[in-house]
J.: 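Can you keep this structure in mind? I'll have questions shortly.
Numbering of residues begins at 1 and proceeds along the displayed sequence. When reading the values below, keep in mind they use all heavy atoms of this one structure, side chains included, and skip hydrogens, waters and symmetry mates.
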Amino acid sequence: MIQLARLPKLVATDLDGTVVRSDESVSPRTMSALKRLAASGVILVGATGRGPRLLDMCRNDVPSADFLVLGQGAFVYECRYDDTVVQLADRSVDGEVLHEALRLIEAEVGPVRALAEPADPDRPLTGDPMPDWPWPAVRLETAPRDVAFTGPMVKGYFVSDHHTGPELLVAAQDVIDEDLVTVTESGVGMLEVCPVGVTKAAGIQVVLDKFGIDWSDVLVFGDATNDLSMMRAAGHSVAMPNGHPWVQAAASEIAPAGNNDDGVAQYVEALLELP
């Protein structure tokens, strides 16, 4: 039994670990449920840490989305019915700023492996060797850090052999000035270092402002700590049962099943049956 009494005006969902399954696919059931939700007049937003170079992949995963929030909230796109895409927000951070954040974090926790994601999609992600990189669709190149961290960046990825992603996040929050960068992590064992003020909630706010919608009329789904900003801001939030404990604690309720068992679809189907 879901706890909402009526349809929200906007629904935002994380992708990986929430609607995207472990095999990196989205089930037909979830596709159908989200399509029905959008057809009911609810504004549908996909919100992900994936950078803008993966825009097409995101559109394929949630083709019913009216908007996509990428790069942890730095990039916002309106997806039109005629298949055109309009960019509504574009924020980047200078590579030298990420390099300074890297220096501060390594002084606190010891050596980490670091990659820089350039804002220019024609430049590959570049930096230290990353043998356990979880996204094979994204090309990596190895280069010295003073080469990798130059120019406008989407974000940086920092990985430790001795600390988990959440542990790196806590350590970074202790030593990084919030006026320098914003730090988060996506549940895959790495710290993500983003432009100042960039969060999924900030990206969704761009859409809310466009329509004059208040956060009280928003429902969100998420699983990882990078979803916390939108979970805490939304009028109602649903955490995945496979999600991080911090996210579950922040949520209004827990989805009926995990991402591999169509938990979001089950919730949305029940939501659409409300009188």
J.: Does the pair Arg113/Asp161 count as a salt bridge with the N-to-O cut at 4.0 Å?
T.: yes

J.: Determine the minimum heavy-atom distance between Leu15 and Gly46, stating which atoms define it.
T.: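 What the structure gives for the nearest pair is CD2-CA, 4.4 Å.
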
J.: Can you find a side-chain donor-acceptor pair between Asp262 and Thr30 that sits under 3.5 Å?
T.: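 Short answer, yes.
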
J.: Distance only, no hydrogens: is a donor on one side chain within 3.5 Å (strictly under) of an acceptor on the other, for Glu96 and Thr150?
T.: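 Side chains of Glu96 and Thr150: no pair found under 3.5 Å.
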
J.: Heavy-atom distance under 4.5 Å between the side chains of Pro152 and Asp94, does that happen here?
T.: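 No, too far: nothing below the 4.5 Å cut-off.
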
J.: Go through Glu269 and Arg36 one step at a time and tell me if the salt bridge (Lys or Arg N to Asp or Glu O under 4.0 Å) criterion holds.
T.: CA-CA 9 Å; Glu269 289 164 357; Arg36 289 176 55 205; 5.3 Å; no

J.: With no hydrogens and no angle check, is any side-chain donor or acceptor of Thr225 less than 3.5 Å from a backbone partner on Glu185?
T.: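 Yes: the side chain of Thr225 pairs with the backbone of Glu185.
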
J.: Does any pair with a residue in residues 175-184 pass side chain to side chain donor-acceptor pair (under 3.5 Å), and if so which ones, sequence neighbours excluded?
T.: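 Listed once each, the pairs would be none.
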
J.: Regarding Arg123 and Glu117, does a basic nitrogen lie under 4.0 Å from an acidic carboxylate oxygen?
T.: no

J.: How close do Met240 and Gly263 get, heavy atom to heavy atom, and via which atoms?
T.: CE-CA, 4.4 Å

J.: Would you give me the side-chain donor-acceptor pairs under 3.5 Å for residues 194-206, sequence neighbours excluded?
T.:
from, atom 1, to, atom 2, distance (Å)
Thr199, OG1, Ala201, N, 3.4
Thr199, OG1, Ala202, N, 3.0
Lys200, NZ, Asp14, OD1, 2.9
Lys200, NZ, Ala47, O, 3.1
Lys200, NZ, Asp227, OD1, 2.6
Gln205, OE1, Trp215, NE1, 2.8
Gln205, NE2, Asp209, OD1, 2.8

J.: For residues Leu10 and Leu44: do they belong to one hydrophobic cluster (side chain heavy atoms under 4.5 Å, members Ile, Leu, Val, Met, Phe, Trp, Tyr)?
T.: no

J.: Any side chain to side chain donor-acceptor pair (under 3.5 Å) pairs touching residues 124-136, not counting sequence neighbours?
T.: Asp128-Arg145

J.: Side chains of His236 and Glu253: is there a donor and an acceptor less than 3.5 Å apart?
T.: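 There is such a pair (donor and acceptor under 3.5 Å, judged by atom type) between the side chains of His236 and Glu253.
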
J.: Using a 3.5 Å distance criterion without hydrogens, assess whether the side chain of Ser32 forms a donor-acceptor pair with backbone atoms of Arg29.
T.: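 No; zero donor-acceptor contacts below 3.5 Å.
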
J.: Search all heavy atoms of Ser237 against all heavy atoms of Ala250 and return the closest pair with its distance.
T.: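 Ser237 and Ala250 have their closest heavy atoms at OG-O, 3.7 Å.
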
J.: Assess the residue pair Thr48 and Val69 against the criterion (side-chain contact (heavy atoms from CB on, under 4.5 Å)); give the C-alpha distance rounded to whole Å, side-chain angles, the decisive distance to 0.1 Å, and a yes or no.
T.: CA-CA 6 Å; Thr48 178; Val69 172; over 6 Å; no

J.: What verdict does the side-chain contact (heavy atoms from CB on, under 4.5 Å) test give for Val11 and Leu219, after you've listed the backbone C-alpha separation in whole Å, the side-chain angles of each residue and the deciding distance to 0.1 Å?
T.: CA-CA 5 Å; Val11 170; Leu219 164 66; 3.9 Å; yes

J.: Of the non-hydrogen atoms in Gly17 and Asn242, which two are nearest, and what is the gap between them?
T.: O-ND2, 3.1 Å

J.: Looking just at side-chain N and O atoms, do Ser186 and Gln72 make a donor-acceptor pair shorter than 3.5 Å?
T.: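 On atom types as modelled, these side chains qualify, holding a pair under 3.5 Å.
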
J.: Does Val154 belong to the same Ile/Leu/Val/Met/Phe/Trp/Tyr cluster as Leu140, with side-chain heavy atoms less than 4.5 Å apart forming each link?
T.: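 No: no chain of side-chain contacts under 4.5 Å links Val154 to Leu140.
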
J.: What I want to find out is whether Asp16 reaches Arg50 closely enough, with some N-O distance under 4.0 Å, to be called a salt bridge.
T.: yes

J.: Which pairs count as ring-ring contact (aromatic ring centres under 6.0 Å, His included) when at least one residue sits in residues 243-275, sequence neighbours excluded?
T.: Phe221-Tyr267, His244-Trp246

J.: Does any donor atom in the side chain of Thr84 or Arg80 lie under 3.5 Å from an acceptor atom in the other side chain?
T.: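 No, no side-chain donor-acceptor pair sits under 3.5 Å.
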
J.: Would Lys9 and Asp214 count as a salt bridge (Lys or Arg N to Asp or Glu O under 4.0 Å) here? Give the steps.
T.: CA-CA 9 Å; Lys9 293 182 179 179; Asp214 189 80; over 6 Å; no

J.: Give every residue pair that meets the ring-ring contact (aromatic ring centres under 6.0 Å, His included) criterion with at least one member in residues 94-129, sequence neighbours excluded.
T.: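 For residues 94-129: His99-Phe149.
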
J.: Which residue pairs pass the ring-ring contact (aromatic ring centres under 6.0 Å, His included) test when at least one of the two sits in residues 189-210, sequence neighbours left out?
T.: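 The answer is none; no pair qualifies.
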
J.: Does Leu168 belong to the same Ile/Leu/Val/Met/Phe/Trp/Tyr cluster as Val97, with side-chain heavy atoms less than 4.5 Å apart forming each link?
T.: yes

J.: Which heavy-atom pair separates Met153 from Ala148 by the least distance, and what is that distance?
T.: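 In terms of heavy atoms, the two residues are closest at CE-O, 3.2 Å.
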
J.: In this structure, would Phe67 and Val220 fall into the same cluster of hydrophobic residues linked by side-chain contacts under 4.5 Å?
T.: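 Linked within one cluster.
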
J.: Side-chain donor-acceptor pair under 3.5 Å between Tyr157 and Glu192, yes or no?
T.: no

J.: Do you know which two heavy atoms are closest between Leu228 and Val247, and how far apart they sit?
T.: CD2-CA, 3.9 Å

J.: Before giving the answer on side-chain contact (heavy atoms from CB on, under 4.5 Å), spell out for Leu102 and Phe158 the whole-Å C-alpha distance, their side-chain angles and the decisive distance to 0.1 Å.
T.: CA-CA 8 Å; Leu102 174 58; Phe158 302 166; 3.6 Å; yes

J.: Between Leu98 and Val93, does a side-chain contact (heavy atoms from CB on, under 4.5 Å) hold up when you go through it step by step?
T.: CA-CA 7 Å; Leu98 296 182; Val93 57; 3.8 Å; yes

J.: Could you tell me whether the side chain of Arg53 and the main chain of Pro118 form a donor-acceptor pair under 3.5 Å?
T.: yes

J.: When you measure from the side chain of Ser64 to the backbone of Ala38, do you find a donor-acceptor pair of N or O atoms at a distance under 3.5 Å?
T.: no

J.: Does the Gln266 side chain pair with the main chain of Asp261, one donor and one acceptor, at a distance under 3.5 Å?
T.: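 Confirmed, Gln266 side chain pairs with Asp261 backbone.
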
J.: Has the side chain of Asp66 got a donor or acceptor atom that lies under 3.5 Å from a matching backbone atom of Ile43?
T.: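 A pair under 3.5 Å: no.
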
J.: Side-chain heavy atoms nearer than 4.5 Å, only ILVMFWY residues, links allowed to pass through others: does that put Val109 and Leu169 together?
T.: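 Same hydrophobic cluster.
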
